[in-house]
Each structure stands twice: as C-alpha cells, then as structure tokens.
Amino acid sequence: MDDTQTSLLLKRPVVVKAIVTSRWKAEVLERLKAQIGQLDAQIQQLDLQGQRAIAELQKQSISLPGSQTSQQVESIQSQVNQKKSELLEKKNQFLQQIQQVQQFELEQEVFEAQMESFFRIEKGENLIKKLNVEIVLRDGVVEDIRGEI
C-alpha cells in the first residue's frame, strides 16, 4: 500500500538544548565577546564617518547659508546618534547574555536554538506527542533525543 495514502508529512519545531559544561560556557562567552568587539568597532567607525561628514559639510558651508549648514549638521548628528543607540542596545543585550551564561550551573540544560524537522503522522497516532521533540547536546554532540521521532 502507498505510504502517501495512509500518512501525512508535516513540519514541527524542534527545541535544541545544551548541557552546560565548562567548554560550552567558554565557547559561548568567547562568541558573545567577539560580537561585542564587532559592535564596538562599528560604533567607532560610525563616529568617524559622522565626524568626516560634518567636517566636509563645514568645509562646503562657505557657499551655503549658515542655518542650512547647521540643519544638515544636526541631521547627520541625529542619524549617527540613532544608529549608535541601536548598536549600544545590541551591545547591552550581549552583556546581559554574558551575565546569564556566567550564572549557569554545570550540567544545567539551557535553550540553545530552535530548528524544524519533518515527520510522518498516521491515522490513530498522537499528534501532540509527535510535536514535542527535543535534542539535547553536550559540547555539540547529541546526547539525547526526547519525544516521539
């Protein structure tokens, strides 16, 4: 008998959890610190670009009325400040994540990601049980698969 006549292929979310180990902690902290470093570099670059744009505008201001130049300078500064605020917010989120990771206890299970997988369901099977699937990793290696595959 044809499988497609008696079953249905569906997609489900799969929670991926990590068991906290000293290695896992070190790797996550390293990644977060690298992301913070990238944000710091972006903030510096943004400041430099803003300063250059303002300096260039001020050089050209000799031919423009003063109020028009000051409006353009304010506009540039406002854009720089808005983007800088967004980057600082991201940095703050990474700093909070660092604090959380540092507080995790060894062998504790923590949420790491969510993925999707396909599964086949047949008449008479419990859909709720088939939807609840978790993968547990220890240092990147699958230690357990929980739920009905």
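Numbering of residues begins at 1 and proceeds along the displayed sequence. Everything quoted here is computed from the prediction, not taken from an experiment.
- In the hydrophobic clustering of ILVMFWY residues, with side-chain heavy atoms under 4.5 Å counting as a link, V136 and W24 come out apart.
- Note that CD of Q49 is 11.5 Å distant from CD of Q79, once rounded to the nearest 0.5 Å.
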Would K123 and T6 count as a side chain to side chain contact (heavy atoms under 4.5 Å, CB included) here? Give the steps. CA-CA 7 Å; K123 188 175 180 179; T6 61; over 6 Å; no
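- Closest approach of L106 to S22, counting heavy atoms only: CD2-N, 3.5 Å.
- Note that NZ of K33 is 15.0 Å distant from CD of Q38, once rounded to the nearest 0.5 Å.
- Closest non-hydrogen pair, G50 versus V80, comes out as CA-CG2, 3.8 Å.
- Counting non-hydrogen atoms of neighbouring residues, nucleotides and ligands closer than 6.0 angstrom, the CD atom of Q82 reaches no more than 12 such neighbours.
- Residue I149 comes nearest to F119 through the heavy atom pair O-CB, 4.3 Å, listed as atom of the first residue, atom of the second, then distance.
- Side chains of R12 and S117 form a contact here, defined as non-hydrogen atoms less than 4.5 Å apart.
- Note that the CD1 atom of I43 and the NZ atom of K83 stand 10.0 Å from one another [nearest 0.5 Å].
- For E143 against I19, the heavy-atom pair with the smallest separation is OE2-CD1, 3.1 Å.
- With rounding to the nearest 0.5 angstrom, the CE atom of M115 is 6.5 Å from the CD1 atom of I135.
- Transitive grouping of hydrophobic side chains (ILVMFWY, heavy atoms separated by less than 4.5 Å) brings L32 and F104 into a common cluster.
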Can you give the donor-acceptor pairs under 3.5 Å from side chains of residues 84-97 to other protein atoms, not counting sequence neighbours?
| from | atom 1 | to | atom 2 | distance (Å) |
| --- | --- | --- | --- | --- |
| K84 | NZ | D47 | OD1 | 3.3 |
| K84 | NZ | D47 | OD2 | 3.3 |
| K91 | NZ | D40 | OD1 | 2.8 |

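- Under the 4.0 Å criterion applied to side-chain N and carboxylate O atoms, K130 and E125 are assigned as salt-bridge partners.
- By the rule that hydrophobic residues join a cluster once side-chain heavy atoms approach within less than 4.5 Å of another member, V16 and V133 end up as members of one cluster.
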Stepwise side chain to side chain contact (heavy atoms under 4.5 Å, CB included) test for L10 and L131: CA-CA 10 Å; L10 299 175; L131 286 174; over 6 Å; no
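- Counting non-hydrogen atoms of neighbouring residues, nucleotides and ligands closer than 6.0 angstrom, the CD atom of E30 reaches no more than 12 such neighbours.
- The nearest pair of heavy atoms linking I36 to I98 is CD1-CD1, 3.6 Å.
- Heavy-atom minimum distance, A53 versus I76: CB-CD1, 4.0 Å.
- Taking CD1 of I121 as the start and CG of L9 as the end, the distance is 11.0 Å to the nearest 0.5 Å.
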Salt bridge (Lys or Arg N to Asp or Glu O under 4.0 Å), that's the test. Do R23 and E27 meet it? Break it down for me. CA-CA 6 Å; R23 177 179 167 191; E27 288 173 357; 3.2 Å; yes
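- Hydrophobic clustering (side-chain heavy atoms under 4.5 Å, transitive across Ile, Leu, Val, Met, Phe, Trp, Tyr) groups V14 together with L137.
- A salt bridge (charged side-chain N to carboxylate O under 4.0 Å, His left out) check over residues 95-110, counting only residues at least two apart or in different chains, returns the pairs E107-R138, E109-R146.
- Atom CD1 in I128 sits 6.5 Å away from atom CG in N126 (nearest 0.5 Å).
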